[in-house]
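Quick note on labels: first sequence line is chain A, next is B, and so on, each numbered from 1.
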Number of protein chains: 2
Amino acid sequence: MSEIGIKDIAAKANVSTATVSYVLNGTRNVKLKTRERVLRVIEEMNYKPNNAAQSLKRKRTNTIGVIAEDVTVFNVPEIIDGINDCADRMDMHILLTNLRLDKRIGRDFDRVESYRHYADNAVSELLSKQVEGIIYIGVHPRDLTGLIDTSGKPIVYTYCYTQKDVSIQYHDEQASYEAMTYLVTKGHKRIGIISGAMDSIPSRLRFNGFYKAVTEYELPFDPQLIKMGNWEAESGYRLTRELFELEVRPTAILAMNDVMAVGVMRAAAEMNIQIPRDLSVIGFDNREFSEYLIPRITTMDLPLHEIGYRAMESLSLLIKGEQAELKPMPKCRLIERDSVAPPRTS
Amino acid sequence: MSEIGIKDIAAKANVSTATVSYVLNGTRNVKLKTRERVLRVIEEMNYKPNNAAQSLKRKRTNTIGVIAEDVTVFNVPEIIDGINDCADRMDMHILLTNLRLDKRIGRDFDRVESYRHYADNAVSELLSKQVEGIIYIGVHPRDLTGLIDTSGKPIVYTYCYTQKDVSIQYHDEQASYEAMTYLVTKGHKRIGIISGAMDSIPSRLRFNGFYKAVTEYELPFDPQLIKMGNWEAESGYRLTRELFELEVRPTAILAMNDVMAVGVMRAAAEMNIQIPRDLSVIGFDNREFSEYLIPRITTMDLPLHEIGYRAMESLSLLIKGEQAELKPMPKCRLIERDSVAPPRTS
DNA sequence: CTGTTAGCGCATTCAC
DNA sequence: GTGAATGCGCTAACAG
């Protein structure tokens, strides 16, 4: 029975409820002896303060809400972990809501109306529970302006954004630029790129990084080396075949995610092209499997933990009424493995 | 400002707070006209009931706590998703606590003392928040008797268990038996097995299934075909090499997880053994990467969603004071892919 | 059908 | 250093 309350403690310890509260919260000095007595009784009766009553009285709950569009998407757990990490340190608690978008409406994220309902519910519920702020974790970066109304409560977005709220994202452009730099350093000049879906923001950002590298390193610019994929392995496969029908073939391919990199590898295997001897491949996301492929693929690691941590930091600032500081975007990190080598001097 | 309360609504709608409460909860009939008026005011002022106050009054919170030992472990998100799925249907809410064991204490799960502290805190906090029950998601199946005291509140364990509480687990023994059956159906007789760590319960259970198959199908029993791994890829690699030094080599290998199956594949690649032509491989877990390997590996899918769902169902029963019904254990499902073929008739 | 009011468990102000 | 009284926002019993 969790029915023991502060007054049960007070009675058993021969003090008033106020005294119990004082020793519990350290709000005022209590004679050592009484304090010890109270503490002992609390221990004995295994008393736990009723959080509902506390929240009602103080105006704080020390709780924030996290809305995840789908916890089963690969990047989400690590972001949550980052939020947790930070929240623990500031003694904040987390109320997690899982929208289950993937299961419920599939991948059709652009039809905002199809899930506004779920989002609204989640927010209402969280607000009802008196959260002091909300972190929204998208499954895919996109503009969510107007989706959510938090009634003035602070909100931070990650893996998506709105036009007026704080959002935390990693540096896509820097990431692909860095990947290109690595390839160039290894001696590659003709580098093919297989993009994600073109209506996606990360795709465009990563393209920017690619162009920047092409320009800065004065690589031969050939539109034929640029292929529009759709994030799926099949597109990596198909486009790699196209790339290899070119008269002058690329010596390296940058795939905008690891899944498409798998497609690249499949195509290569079929055409008897050895990676990395005949073709270098670099992926994106550092998905778990990227380490298990043969060869293990070199890829860009996403700073997911850091994103979560930062989101929590910013939210905490907003809750305190301060301005969220504008730190530079978290960067991706190159994971060097076995799928990149210098081009063959044929 | 979420400072608007029921009495603000009452005032503006010219009714008493009670009436507002009644229309909100449908607890009593309210004249249509007044109801509509109240509803309109609520809408206008964007009023959200204060859950803390509600919980204080009713004795229910409609909230359960979920303690995950580590949300970043591969199987956990899907379990949470299952819990969510069920919780949504019964209008229950979830308070998630992430122990972050992997990050904080590493893989040394047996030293219960090293994380009792975290578990205790999590439970205290949850109890304080008046959850009506708890689901505990372990990272690895093991006996956790004595770790947690919920002060009488119902608890359900999954991916771990205690000697007195309800726990939900999938059917390991059936799974490996079924995997063996599949291999036998394909014509294999000499089947090697690479186990997980032997102090692990799933390892032993899966062995049971293996033995059962060996017996029932009257396979040649050869202790040399049984290798003790440790769940890591390296052990799969090393033990496969050992298996291939045997005079009569196995035609198929059952690895107790997909990670070790990767090791098998690596060893095979090095020895120029083609999968599945020269060697069939079957894994366990249906890890995401198992589909991306070349060849894609046949594996046993874990009913994670179902486990979560069941855990929630059972907990809900316990909360209502009923007995948790004993359904048969959820089963694993064979995912047929490309790493198994009939043995070569050499 | 609607209003009045006690009290849920706790923190806090004021009085001692 | 301690205790009695008040009220947080809400529900439900009681009264009309």
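- For Y22(A) against dT13(C), a side-chain N or O and a base N or O form a donor-acceptor pair under 3.5 Å.
- Looking at heavy-atom distances under 4.0 Å, V15(B) makes contact with sugar-phosphate atoms alone, never a base.
- Using modelled atom types and a 3.5 Å distance limit, the side chains of D143(A) and Q163(A) yield a donor-acceptor pair.
- The side chain of Q54(A) has dC10(C) as its nearest neighbour among dC10(C), dA6(C), dC8(D).
- With hydrogens and angles disregarded, no donor-acceptor distance shorter than 3.5 Å links the side chain of T63(A) to the backbone of H93(A).
- Checking dA11(C), dG3(D), dG9(C) against every side-chain atom of K57(A), the shortest atom distance belongs to dA11(C).
- Of the candidate nucleotides dA11(C), dT5(C), dC8(C), dT5(C) has the atom nearest to the side chain of T17(B).
- For S16(B), counting side-chain heavy atoms from C-beta on, the closest listed nucleotide (dC10(D), dG3(C), dA11(C)) is dG3(C).
- Set against dT11(D), dC10(C), dT2(C), the side chain of T34(B) has dT2(C) as its closest nucleotide.
- Checked by distance alone, R28(B) brings a side-chain donor or acceptor within 3.5 Å of a matching partner on the base of dG3(C).
- The 12-atom threshold is not exceeded at NZ of K7(B), counting heavy atoms of other residues, nucleotides or ligands nearer than 6.0 Å.
- Between dA11(C) and T27(A), no contact under 4.0 Å exists linking OP1 or OP2 to a side-chain N or O.
- The 12-atom threshold is not exceeded at CD of Q323(A), counting heavy atoms of other residues, nucleotides or ligands nearer than 6.0 Å.
- Atom P of nucleotide dG9(C) and atom CG of D8(A) are separated by 9 Å, given to the nearest angstrom.
- Judged by atom type and distance alone, Y47(A) does not reach the base of dG9(C) through any side-chain donor-acceptor pair under 3.5 Å.
- The side chain of N50(B) lies closest to dC10(D) when the candidates are dG3(C), dC10(C), dC10(D).
- Considering only side-chain atoms of K31(B), the nucleotide from dG9(C), dT12(C), dC1(C) that sits closest is dC1(C).
- Side-chain proximity of T19(B) to the nucleotides dC8(C), dA11(C), dG3(C) is greatest for dG3(C).
- Regarding contacts with the backbone of dG9(D), a side-chain N or O of K59(A) is found under 4.0 angstrom from either OP1 or OP2.
- One finds a salt bridge joining R310(A) and E306(A) here, because a Lys/Arg side-chain nitrogen approaches an Asp/Glu carboxylate oxygen to under 4.0 Å.
- Distances were taken from every side-chain heavy atom of A18(A) (C-beta onward) to each of dT2(C), dC8(C), dT12(C); the shortest belongs to dT12(C).
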